[in-house]
Amino acid sequence: MKAVVYHGPGQKAWEEVPDPTIIDPTDAIVKVETTTICGTDLHILKGDVPAVTDGRILGHEGVGVVTEVGTGVTDIEVGDRVIISCVTKCGTCSYCLANMPSHCKTVGGIGWIFGHLIDGTQAEYVRVPFADNGLIRLPEGVSDEQGVMLSDILPTGYEIGVQYGDVSEGDVVAVIGVGPVGLAAIMTAGNAGASKVIAVDGNAFRLTQALDFGATDTINIKEVDDVVAALKAMSDDGLGVDVAIEAVGVPATWDTALAAIRPGGNVANVGVHGSAVEFPIQEQWINNITITTGLVNAVTTEELLADIESGAIAPEKFTTHRFALDNIMEAYDVYENAVDHDALKVVLTA
Ligand SMILES: [Zn+2]
Ligand SMILES: [Zn+2]
């Protein structure tokens, strides 16, 4: 088969590799019908994730059809159309039982292993460990393009942004950075009862998209001198927003998120940070704030599927570019220059 193979920082190729085979009885093999590229893949290609070694097939998002199951797979069957969750989980270790499979001990202490510690989904076929736990049947009426956004991006925005941020009825929420993950938080924040969702970014295209995804207001940081003051002015009593969702991962956006919340407020960090940030404890110790971070658990997939079926959310809106799987190198070029191409998610179809 063919797959996107990582060959060290800056090096990747769409090349011929051996077909995956069942290794453990709980494995399944899935023929990938739809996949996409994630910001995490770009981090890997920059060399930011040294655990990824030469020869690894990239990708952790996908929808496909099961072609083979091991003898220990009891639920998933050959022929099932499935979402491949980006989190692999045994279902029985203490973290899985605590509903935090992002740190499943059986798969090595981190649930994200596709395109990281084992071969991933940017391929014609993929081996899925613990298939009964990591594959979710796609109901009739939910498209591949909708389903593939449930592998990672929508659960990440919802769980690590909206749920960890404890977005509640009537809350004023600021989403700092509205790339795909920020937009995923926006798409799901309204359902959690937010009264106001303020999108903050410097990219006019993305701010326009944010309104379509459910933001009520936008702040273009290129047009506003004091973003924190603007956010406070948009809160009910001028004291700050209830929840700031940080969806970029650089010191400036962290600072904005922390400064914009009210006493008792929440910062939900979703951004992947590459360097230290400052935490002014001498100012914040008195403020009764909550800060959360984390890796997605992907335990809300069924809930989000129901939201798609009811029409409450429409994740096909993420797709701005479509390519044949064979042209995935071209898709990488577009995604690596997403701002120039007005790209949100690029979708690959076999
Ligand atoms: Zn991803
Ligand atoms: Zn586990």
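Every number for a ligand or one of its atoms is a count from 1 in the order of the listing.
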- Is the Zn ion (ligand 1) under 2.8 Å from any N, O or S atom of Cys86? no

- Close side-chain approach of Asn297 and Val87, heavy atoms under 4.5 Å: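 No, every pair of side-chain atoms sits at 4.5 Å or beyond.
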
Closest [X] atom to the Zn ion (ligand 1) [N, O or S only]:
X: Glu61; result: OE2
X: His60; result: NE2
X: Asp152; result: OD2

- Message: Would you call the rings of Phe213 and Phe318 parallel, tilted or perpendicular, taking 30° and 60° as the class edges?
- Response: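 Aromatic pair Phe213/Phe318 classed perpendicular.
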
Is a salt bridge present between [X] and [Y], judged by a nitrogen-to-oxygen distance below 4.0 Å?
X: Arg137; Y: Asp75; result: yes
X: Asp236; Y: Arg262; result: no
X: Glu33; Y: Arg81; result: no

- Message: Restricting to under 2.8 Å, identify the protein N, O or S atoms around the Zn ion (ligand 2) as residue plus atom.
- Response: Cys90 SG, Cys93 SG, Cys96 SG, Cys104 SG

- Can you find a side-chain donor-acceptor pair between Thr74 and Asp132 that sits under 3.5 Å?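 There is such a pair between these side chains.
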
- Message: Does atom CD (Glu278) have a neighbourhood of more than 12 heavy atoms from anything else shown, all under 6.0 Å?
- Response: no

- Please collect all salt bridge (charged side-chain N to carboxylate O under 4.0 Å, His left out) contacts where either partner lies in residues 146-174, sequence neighbours excluded, each pair once. none

